[in-house]
J.: 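Shown below is the structure under consideration.
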There are 2 protein chains.
Amino acid sequence: MMSYTIRDVAQRAGVSQSTVSLVINDRTNVSPDTRRRVLVAIEDMEYYPRHSARHLALAKGGSIGFVLTEQFFRVSEPFYTKILLGAEFEAAKQGFYTLLSRAKEPFEYPKDIPRFLLDRSVDGLIVAGRAPKRLLKFIKEKKIPCVLVDFKLPSYNTNHVLIDNLSGSKEAMNHLISLGHQRIGFVAGSSTHPSILERYEGFRQVMKEHYGNSINDIDKLTYLNEEEASPQIGREGALELLRLPDPPTAIFACNDATAVGCYKAAKELGLSIPDDLAIMGFDDVDASTHLDPDLSTVHIYKAELGKEAVRSLVDRLENPDQPLKTKIISTKLIIRGSCGGERTPEINYF
Amino acid sequence: MMSYTIRDVAQRAGVSQSTVSLVINDRTNVSPDTRRRVLVAIEDMEYYPRHSARHLALAKGGSIGFVLTEQFFRVSEPFYTKILLGAEFEAAKQGFYTLLSRAKEPFEYPKDIPRFLLDRSVDGLIVAGRAPKRLLKFIKEKKIPCVLVDFKLPSYNTNHVLIDNLSGSKEAMNHLISLGHQRIGFVAGSSTHPSILERYEGFRQVMKEHYGNSINDIDKLTYLNEEEASPQIGREGALELLRLPDPPTAIFACNDATAVGCYKAAKELGLSIPDDLAIMGFDDVDASTHLDPDLSTVHIYKAELGKEAVRSLVDRLENPDQPLKTKIISTKLIIRGSCGGERTPEINYF
DNA sequence: CTGAAAGCGCTTACAG
DNA sequence: CTGAAAGCGCTTACAG
């Protein structure tokens, strides 16, 4: 198990450690012949530099941290998991390791700080979905390079990778309108999350533009709940709206998990989808294709969000003095069976 | 950003580095008073030992690797992802970091070896689902502590964490039989995977025991496909069996993804579930509750598999000379709406 | 172009 | 119980 070190290689190649190091790190100023001898020795001995030693010498280890709120692991819909996988993929491609940490909620101050931040295991980190303010404050104090994904906080300046929720939402709404719907309901959980707020804003804008609906009209057709978006919330919200004297003919759910609950509500009330009620989701998680009829929704390029986050972070790591950057990733409307219209050909959108 | 080292703490506390180290590592032989002084200095300075330095000095870093075949990331059903999350959870609890690696398929020998194995970033690893033989050989050659999860290879001796597929399969079959089904079909993809073979074996055993069916009878009711289990395969298989002159009244799918395809087939043939056709799955992935009717299936404690894998590995790391161990994790039959019978109360089985 | 030396921040025998 | 010293395996000025 004990294997060769740089010293062994140097000895075998008849050069100094420094020279081997130069070769390993692909520096110039090594004669072709020396380089060759070293390379041969490395090959022969199957030498590979220890990560920990480089890390210590360089004061950086080529690892990035990924912080995800505990709750998002519980959620069955693997939304953030896909972002994580995308991040891990891009990180690996760029030669970085990814370390994962679950942010506790509630967060206790020094106790719950991710260990990899304390022991300097990571060079920087990605925070997805949301994070305790106290943790964010710590990150800022320690000046740890950081990028926020699908999350932002007023006046918290750092790199961001965000979803173009507003455009996605308006596109979805316009589709519904093009199908002739006039009374469209909006059902949302997680109603304080910036992404949900933007989707809501899209809903409102389109309603106003098209029908000049009064705020009051729109409010009647809106169900907002601060609790985590879920099928339960979707069901509640849909039931509430559908029992209105003048119920909506279409419901735009803030995400697919919520839409699942709208299906349940429709079923309970004996409404058939899409004939009696059209439903539109947001996210395009796996569940959407399992529903019957399958759900029209707004696709989010989840893996891509993760990849962009890594690119953003690596960029920051390499150029610390750059201005902060925010990347907005577009969405794609996917028409399936839950609201009529011509189906979008099914391609694998990662 | 530059922060205190053990030397700074020593200076502040008026002791030597060695003493600080002893305190940090909670060793005996430090006078209460000295310990206190050191602790205070650590607190005051918010000192935390660098991971890389400990790693180098100790020749082990408290990280474990998790190897997953590339294909399993593509699969939309997050089966292995949940195992990974469980592993990550337990690892964190035990103070280990988890590093992830995607095993390429096909695997090219030295090129595709996970880097964390080469650069000694991990102390041991967990391999889930399957892995290239050449990689397994490398692991064995290098004597890297390793545990295989939901996978085994004849004569590959190492620690294992496996699913009790045989019992799970027989329990599911017995349930179907208790409902009066006599002609039960078995539809499988990934038919060479040890877990699928065991489920198949359970199917055969029960069929033989109960009806003394001839191998021939059973074979007629069996659809096996070596390709990755999927809805497509499930649909094909179900269609094939359902078009038999004497079609099955129930189908046992090798996993839930396959069962999804069986639903499609039933729908195409105008069969209603569970009245015309009962369907039983295996895995209990999220999709199963989204189906209509929701799928009766055999629950696998995915996170628990991951956790046990970590425990097994840590155990191995701490006691290298122990005998090899195999842990078999039981399953749980969950009755929902796809085959009749009294519903299992829905609890969150993690 | 190459080597000797110091340093990264820890741990661990070994003295005392 | 405590400290001085060496070592873990790299990288990086600095000489030459």
Side-chain angles (χ1 to χ4, degrees), chain A residues 1-39 41-42 45-63 95 115-123, chain B residues 1-39 41-42 45-63 95 115-123:
Chain A
M1 184 73 186
M2 203 51 234
S3 50
Y4 299 119
T5 71
I6 197 172
R7 183 177 319 208
D8 302 317
V9 174
Q11 208 168 316
R12 169 99 157 220
V15 297
S16 73
Q17 284 186 45
S18 332
T19 304
V20 177
S21 179
L22 292 177
V23 172
I24 291 168
N25 293 291
D26 221 20
R27 295 289 173 66
T28 132
N29 288 356
V30 179
S31 77
D33 182 54
T34 308
R35 177 181 301 276
R36 206 168 303 128
R37 282 217 314 287
V38 171
L39 255 15
I42 288 177
M45 309 173 88
E46 296 187 357
Y47 168 74
Y48 203 95
R50 297 307 183 277
H51 182 250
S52 56
R54 300 196 87 203
H55 190 346
L56 182 57
L58 291 169
K60 61 176 183 176
S63 297
R115 185 161 54 96
F116 57 47
L117 255 29
L118 298 172
D119 75 8
R120 311 300 196 294
S121 285
V122 302
D123 302 337
Chain B
M1 184 74 185
M2 204 50 237
S3 49
Y4 299 119
T5 71
I6 197 172
R7 182 175 325 207
D8 302 317
V9 175
Q11 209 168 315
R12 169 102 156 219
V15 298
S16 73
Q17 285 186 43
S18 331
T19 303
V20 177
S21 179
L22 292 178
V23 172
I24 291 169
N25 293 291
D26 220 20
R27 294 289 173 66
T28 133
N29 290 355
V30 179
S31 77
D33 182 56
T34 309
R35 178 181 301 276
R36 209 168 300 129
R37 284 217 312 288
V38 172
L39 255 14
I42 288 178
M45 308 172 88
E46 296 186 357
Y47 168 74
Y48 203 96
R50 295 311 181 273
H51 183 250
S52 56
R54 299 196 89 204
H55 190 345
L56 182 57
L58 290 170
K60 61 175 182 176
S63 297
R115 186 162 54 96
F116 58 47
L117 256 27
L118 297 171
D119 74 9
R120 308 304 194 294
S121 284
V122 301
D123 302 336

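Keep in mind that the numbers below use all heavy atoms, side chains included, and drop hydrogens, waters and symmetry copies.
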J.: Which residues in residues 28-37 of chain A have a heavy atom closer than 4.0 Å to any atom of DNA chain D?
T.: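 Listed by number, there are none.
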J.: Using a 4.5 Å cut-off on heavy atoms from C-beta on, say whether the side chain of I6(A) contacts that of Y47(A).
T.: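 Counting from C-beta outward, Y47(A) and I6(A) do come under 4.5 Å.
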J.: In whole angstroms, how far is the C1' atom of dC8(C) from the CZ atom of R50(B)?
T.: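 Going from CZ in R50(B) over to C1' in dC8(C) covers 10 Å.
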J.: Can you tell me the Watson-Crick or wobble partner of dA13(D), both distances under 3.5 angstrom?
T.: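 Pair assignment: dA13(D) / none.
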J.: For the residue pair Y48(B) and R115(A), establish whether any side-chain heavy-atom pair is separated by less than 4.5 Å.
T.: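 They are in contact (side-chain heavy atoms under 4.5 Å apart), so the answer is yes.
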J.: Is there a Watson-Crick or G-U wobble partner for dA4(D) with both distances under 3.5 Å, and which nucleotide is it?
T.: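 Partner of dA4(D): none.
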J.: Heavy atoms, side chains only, cut-off 4.5 Å: are S63(A) and H55(A) in contact?
T.: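 In short, these two side chains do not touch, never coming nearer than 4.5 Å.
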J.: Tell me: OH of Y4(B) to C1' of dC10(C), nearest whole Å?
T.: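 Nearest whole value for this atom pair: 19 Å.
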J.: For M45(B) and dG9(C), what is the distance between atoms CE and P respectively, to the nearest whole Å?
T.: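 About 13 Å, once rounded to whole Å.
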J.: Going 5' to 3' along nucleotides 11-16 of chain D, which nucleotides have protein heavy atoms under 4.0 Å from the base (write B), which only from the sugar-phosphate (write S), and which from neither (write -)?
T.: BB----
J.: Find out whether D26(A) and R35(A) are in side-chain contact, i.e. whether some heavy atom of one side chain is under 4.5 Å from a heavy atom of the other.
T.: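 Counting from C-beta outward, D26(A) and R35(A) do come under 4.5 Å.
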J.: Just to verify, which of L22(A), V20(A), V9(A), V23(A) counts as forming a side-chain contact (heavy atoms from CB on, under 4.5 Å) with V15(A)?
T.: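 Exactly one candidate clears the test, V20(A).
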J.: Without decimals, in angstroms, what is the distance between Q11(B) CD and dG9(C) P?
T.: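 Taking atom P of dG9(C) as the reference, CD of Q11(B) is at 14 Å.
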J.: Salt bridge check, R37(A) against D33(A): does any charged N sit closer than 4.0 Å to a carboxylate O?
T.: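 Yes, D33(A) and R37(A) are salt-bridged.
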J.: With a cut-off of less than 4.0 Å, is there a side-chain N or O of S16(B) near OP1 or OP2 of dA4(D)?
T.: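 No, no such contact exists.
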J.: In sequence, state the C-alpha distance, the side-chain angles, and the governing distance for V38(A) and I24(A), and then conclude on side chain to side chain contact (heavy atoms under 4.5 Å, CB included).
T.: CA-CA 9 Å; V38(A) 171; I24(A) 291 168; over 6 Å; no
J.: Can you tell me how far CZ of R50(A) sits from CZ of R54(A), rounded to the nearest 0.5 angstrom?
T.: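 If we round to the nearest 0.5 Å, R54(A):CZ and R50(A):CZ are 13.0 Å apart.
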J.: Just to confirm, is there a sub-4.0 Å distance from OP1 or OP2 of dC10(C) to any side-chain nitrogen or oxygen of Y48(B)?
T.: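 Checking dC10(C) against Y48(B), no side-chain N or O comes under 4.0 Å of OP1 or OP2.
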J.: Does any donor atom in the side chain of S31(B) or T34(B) lie under 3.5 Å from an acceptor atom in the other side chain?
T.: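 A donor-acceptor contact under 3.5 Å links the two side chains.
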